[in-house]
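Notes to accompany the following structure.
It should be emphasised that the depicted structure is a prediction, and the values quoted were computed from it without experimental measurement. For the numbers below, each heavy atom of this structure counts, side chains included, while hydrogens, waters and symmetry mates do not.
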Amino acid sequence: MMAQQVLSDGQPYTYVGHLVPSDRVLASKVAAPYTIGPDGTIFVIANEVLDDLLARGGEGARLQLAGRLLEVDDVTYFVATASPRRAPDGAGAWCRGERLDTSGLPAVGARRGCRASLSGAEWG
C-alpha cells in the first residue's frame, strides 16, 4: 500500500493550512481526497487520522498536520500521523480521537499505539 510506503520511506513533514478537496483520480489509484501545500500539489492519503480530523469538524478549518511526505512517480503523497484540532492554538496532539499530553515528552497516548514526540503524535 502507498500509505505504508510513505510512512516507512517518507520524510517528516508538518503543514499548517487548509485541506483542499480533490476529486482527481490518480494513476496510482491511491485514495487521496484532499490536497495541501502550494498549488495543491501534495495529495493527502485517506487514513484513520484524517477520518478522525474530519469527524471533529476539521474540514474548512485552518489546521496543523504532522506526518510523512514522499514523492513517487512525480506525485507527492502525505500521510498524516497527528493533528491538533486547529492551528495555531492547538497545543497538544490527537491520536485515534484522544488528546495526547505532549508537555512532558515522551508522553504516552491514552490508547495503545500512540506516542508523543517532538514532531507530534505518531503511530507506535
Give every residue pair that meets the side chain to side chain donor-acceptor pair (under 3.5 Å) criterion with at least one member in residues 15-27, sequence neighbours excluded.
->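 Every pair satisfying side chain to side chain donor-acceptor pair (under 3.5 Å) with a residue in residues 15-27: there are none.
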
Would a distance-only check, ignoring hydrogens and angles, find a side-chain to backbone donor-acceptor pair under 3.5 Å from [X] to [Y]?
X     : Y     : answer
Asn47 : Ala80 : yes
Asp39 : Thr41 : no
Thr14 : Ala66 : no

Would you say Leu65 and Leu53 make side-chain contact, with heavy atoms under 4.5 Å?
->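 Yes. Closest side-chain heavy atoms under 4.5 Å.
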
Are Leu69 and Thr76 close enough that some pair of their side-chain heavy atoms sits under 4.5 Å apart?
->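 Contact flag for Leu69/Thr76 side chains = yes.
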
Passes side chain to side chain contact (heavy atoms under 4.5 Å, CB included), Leu19 versus Leu54? Steps please.
-> CA-CA 10 Å; Leu19 292 171; Leu54 296 173; 4.1 Å; yes

In sequence, state the C-alpha distance, the side-chain angles, and the governing distance for Val6 and Val72, and then conclude on side chain to side chain contact (heavy atoms under 4.5 Å, CB included).
-> CA-CA 9 Å; Val6 174; Val72 177; 5.7 Å; no

Decide whether Val20 and Leu63 are clustered together by the hydrophobic rule: side chain heavy atoms of Ile, Leu, Val, Met, Phe, Trp, Tyr closer than 4.5 Å, transitively.
->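 The answer is no; the residues belong to distinct hydrophobic clusters.
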
Atom CD of Glu71 and atom CD1 of Ile42: how far apart are they, to the nearest 0.5 Å?
->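 Between atom CD of Glu71 and atom CD1 of Ile42 there are 10.0 Å.
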
Please report the shortest heavy-atom distance between [X] and [Y], naming the atom on each side.
X     : Y     : value
Gly10 : Arg68 : O-NH1, 2.9 Å
Val30 : Met2  : CG2-CB, 3.6 Å
Leu50 : Pro33 : CD2-CG, 4.2 Å

Which residue pairs pass the ring-ring contact (aromatic ring centres under 6.0 Å, His included) test when at least one of the two sits in residues 34-77, sequence neighbours left out?
->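 Passing the test, one end in residues 34-77: no pairs.
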
